[in-house]
Amino acid sequence: MSKSIYYSILSLFFTTSCTSQSLETVSFVDLDKYQGIWYEISAFPQRFQKGCHCTTATYTKSEKGYIIVENRCNKDSINGKESYIKGKAFVDPETGNSKLKVQFFWPFKGKYWIIDLAEDYSYAVVGHPNRKYLWILSRTPSMDQKTYEAILTRLKEKEFDITKLKITQQIVP
């Protein structure tokens with residue numbers, strides 16, 4: 001293989017890799033408004049959420065500067081046994097609070113990037129720069145279809161494979 005072809009392929013690989021890893025977040029998150037309960041509307045299925053229904057996440061600012069994260073779901077059905085895990089989220093400095101690192105088991109931390117957020121904090125979209133993790137969250141157990149479809153359109157523009165999204169069953173009053 002000639003050097004020019006080799007360098008062209010190498011350049012294409014690095015350009016594609018770098019491009020696929022960049023992911024724009026929202027410019028600023030008011031953590032006081034963000035805290036509270038969020039209902040999972042849909043998500044990319046993950047091994048650690050297998051069998052989950054009625055999934056929620058509750059965020060509470062701690063006096064020590066981190067955010068307490070409490071995730072709950074009902075296992076195997078909407079009436080199943082509750083599963084619960086508690087962790088911590090740490091804000092990445094200089095990100096307008098839009099990039100966090102979540103830790104459920106020391107010393108491991110996962111990227112939690114807020115990539116879409118309603119002006120009134122009625123919904124949020126959380127992703128990872130590798131685009132293998134994605135959650136659409138709402139302050140209520142359901143979301144109107146027009147809002148959901150608008151979010152999906154923006155996610156396609158961010159190069160997420162929205163065909164992988166799975167709707168989360170919630171109990172809607």
Side-chain angles (χ1 to χ4, degrees), residues 20-31 33-60 67-89 95-105 108-173:
S20 68
Q21 290 299 310
S22 81
L23 179 61
E24 189 175 331
T25 60
V26 299
S27 60
F28 177 75
V29 177
D30 180 333
L31 296 176
K33 291 181 182 177
Y34 196 81
Q35 68 179 344
I37 189 167
W38 291 90
Y39 295 85
E40 182 182 282
I41 300 300
S42 64
F44 284 176
Q46 301 298 330
R47 180 177 35 91
F48 54 85
Q49 286 186 284
K50 188 175 181 180
C52 278
H53 300 268
C54 304
T55 304
T56 63
T58 304
Y59 305 105
T60 309
I67 298 164
I68 299 165
V69 180
E70 297 174 281
N71 289 346
R72 291 177 172 83
C73 77
N74 296 346
K75 290 302 253 182
D76 301 320
S77 76
I78 60 172
N79 298 312
K81 182 179 177 185
E82 183 180 85
S83 175
Y84 171 87
I85 189 166
K86 186 174 183 178
K88 299 175 183 177
T95 66
N97 301 329
S98 64
K99 294 181 181 180
L100 296 94
K101 291 184 180 165
V102 177
Q103 180 180 60
F104 290 102
F105 304 103
F108 306 103
K109 292 180 184 171
K111 292 179 180 178
Y112 179 105
W113 288 15
I114 302 167
I115 60 173
D116 198 354
L117 181 63
E119 198 172 307
D120 64 357
Y121 288 68
S122 60
Y123 69 79
V125 181
V126 176
H128 188 285
N130 68 10
R131 292 172 175 74
K132 292 181 182 177
Y133 300 90
L134 183 66
W135 293 270
I136 297 176
L137 308 173
S138 175
R139 292 296 190 174
T140 59
S142 64
M143 178 181 283
D144 73 80
Q145 195 61 31
K146 185 177 177 183
T147 301
Y148 188 73
E149 288 174 10
I151 291 169
L152 295 182
T153 298
R154 291 190 295 276
L155 287 171
K156 281 188 223 177
E157 292 169 0
K158 293 178 183 278
E159 300 178 16
F160 279 89
D161 181 359
I162 63 167
T163 64
K164 293 180 181 177
L165 278 170
K166 182 180 176 207
I167 300 291
T168 304
Q169 280 189 300
Q170 295 283 357
I171 298 173
V172 180

Taking [X] for its side chain and [Y] for its backbone only, find out whether a donor-acceptor pair lies under 3.5 Å.
{"X": "Lys50", "Y": "Pro45", "answer": "no"}
{"X": "Arg131", "Y": "Pro129", "answer": "yes"}
{"X": "Gln170", "Y": "Thr55", "answer": "yes"}
{"X": "Thr60", "Y": "Ile68", "answer": "no"}
{"X": "Arg139", "Y": "Ile37", "answer": "yes"}
{"X": "Tyr121", "Y": "Asp30", "answer": "yes"}

Is the number of heavy atoms from other residues, nucleotides or ligands under 6.0 Å of [X] [atom1] greater than 12?
{"X": "Lys75", "atom1": "NZ", "value": "yes"}
{"X": "Phe105", "atom1": "CZ", "value": "no"}
{"X": "Lys101", "atom1": "NZ", "value": "no"}
{"X": "Glu24", "atom1": "CD", "value": "no"}

Quick check for you: to the nearest 0.5 Å, what is the distance between [X] atom [atom1] and [Y] atom [atom2]?
{"X": "Asn130", "Y": "Lys111", "atom1": "CG", "atom2": "NZ", "answer": "8.0 Å"}
{"X": "Ile41", "Y": "Ser142", "atom1": "CD1", "atom2": "OG", "answer": "6.5 Å"}
{"X": "Ile78", "Y": "Cys73", "atom1": "CD1", "atom2": "SG", "answer": "13.0 Å"}
{"X": "Ile114", "Y": "Trp135", "atom1": "CD1", "atom2": "CH2", "answer": "12.0 Å"}
{"X": "Ile151", "Y": "Tyr123", "atom1": "CD1", "atom2": "OH", "answer": "5.0 Å"}
{"X": "Glu159", "Y": "Ser22", "atom1": "CD", "atom2": "OG", "answer": "7.5 Å"}

Run the side-chain contact (heavy atoms from CB on, under 4.5 Å) check on Tyr39 and Thr168 step by step: do they pass?
-> CA-CA 9 Å; Tyr39 295 85; Thr168 304; over 6 Å; no
Which atom pair, heavy atoms only, marks the closest approach of [X] to [Y]?
{"X": "Phe108", "Y": "Gln103", "result": "O-CG, 3.2 Å"}
{"X": "Val102", "Y": "Ala89", "result": "CG2-CB, 4.0 Å"}
{"X": "Ser42", "Y": "Leu165", "result": "OG-CD2, 3.7 Å"}
{"X": "Leu137", "Y": "Tyr112", "result": "CD1-OH, 4.1 Å"}
{"X": "Leu23", "Y": "Phe160", "result": "CD1-CE1, 3.8 Å"}
{"X": "Thr25", "Y": "Ser98", "result": "OG1-OG, 2.9 Å"}

Side-chain heavy-atom pair [X], [Y] within 4.5 angstrom cut-off:
{"X": "Phe44", "Y": "Lys132", "result": "no"}
{"X": "Thr58", "Y": "Arg72", "result": "yes"}
{"X": "Tyr34", "Y": "Leu117", "result": "yes"}
{"X": "Ile67", "Y": "Leu100", "result": "yes"}
{"X": "Leu155", "Y": "Ile136", "result": "yes"}
{"X": "Trp113", "Y": "Thr95", "result": "no"}
{"X": "Lys164", "Y": "Leu134", "result": "no"}
{"X": "Arg154", "Y": "Val125", "result": "no"}

Across all chains, not counting sequence neighbours, the ring-ring contact (aromatic ring centres under 6.0 Å, His included) partners of Tyr133 are His128
Only counting residues at least two apart or in another chain, list the ones meeting disulfide bond (SG atoms under 2.5 Å apart) with Cys54.
-> none
Would you say the side chains of Asn79 and Ser77 form a donor-acceptor pair under 3.5 Å?
-> no
Take Val126 and Trp38 through the side-chain contact (heavy atoms from CB on, under 4.5 Å) test and state the conclusion after the steps.
-> CA-CA 12 Å; Val126 176; Trp38 291 90; over 6 Å; no
Ser138 and Thr140: side-chain hydrogen bond (donor to acceptor under 3.5 Å, both in side chains), yes or no, with the steps?
-> CA-CA 5 Å; Ser138 175; Thr140 59; 3.3 Å; yes
